[in-house]
Amino acid sequence: ADLAGYRVYRFELARETGSTKRGFARIDEMELLHEVSKPFCIDSSVRLGGCYSYAVCAIDAAGNESPRVLTGDVLVAPSSRNPDQYLGSN
């Protein structure tokens, strides 16, 4: 089948004590974030200090998905020369 694009999935990881979100996600429990035709994606809905896990898969013209692949975790930090100042570590 022909490549039609990609689906990008996201899960927000728990960072604070008492959060109802788990610190990990099964790859099939992630929410669909974007469906794109290019091999990149910009996630403009992240929050400063948030930590996110992403997965991506290819889709064909019929909408069939390839297996999802984890891309790694991302911590959204401020654009600062001293990110420790925001994260509260000394």
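All values below come from the heavy atoms of this structure, side chains included, with hydrogens, waters and symmetry mates left out.
Every residue two or more places apart in sequence or in another chain was checked for a side chain to side chain donor-acceptor pair (under 3.5 Å) with S37, and none qualifies. Considering only residues two or more places apart in sequence or on other chains, I42 meets the side chain to side chain contact (heavy atoms under 4.5 Å, CB included) condition with none of them. Under the side chain to side chain donor-acceptor pair (under 3.5 Å) criterion, Y6 pairs with no residue, sequence neighbours left out.
The SG atom of C41 lies 11.0 Å from the CD atom of E35; values are rounded to the nearest 0.5 Å. The distance from the CG atom of L33 to the OH atom of Y9 is 10.5 Å, given to the nearest 0.5 Å.
Of all the heavy atoms in Y52 and R47, the pair that sits closest is OH-N, 2.9 Å. In plain terms, the two heavy atoms of A61 and A4 that are nearest each other are N-CB, 3.7 Å.
The cluster map of Ile, Leu, Val, Met, Phe, Trp and Tyr, joined by side-chain heavy atoms under 4.5 Å apart, puts V76 and V8 in the same cluster.
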Report task. Verify side-chain contact (heavy atoms from CB on, under 4.5 Å) between D43 and R10, making sure each step is shown before the conclusion. Result -> CA-CA 9 Å; D43 185 355; R10 180 182 79 181; 2.8 Å; yes
Query raised in the report: Run the side-chain contact (heavy atoms from CB on, under 4.5 Å) check on C51 and E12 step by step: do they pass?
Result: CA-CA 6 Å; C51 189; E12 185 173 2; over 6 Å; no
Query raised in the report: Step by step, would you call V56 with R68 a side-chain contact (heavy atoms from CB on, under 4.5 Å)?
Result: CA-CA 5 Å; V56 65; R68 295 180 191 177; over 6 Å; no
Report task. Any chance you could lay out the side-chain contact (heavy atoms from CB on, under 4.5 Å) test for Y54 and V74, step after step, and finish with the verdict? Result -> CA-CA 8 Å; Y54 294 88; V74 176; 4.0 Å; yes
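Put simply, the side chain of S66 never gets that close to the backbone of C57: no donor and acceptor are under 3.5 Å apart.
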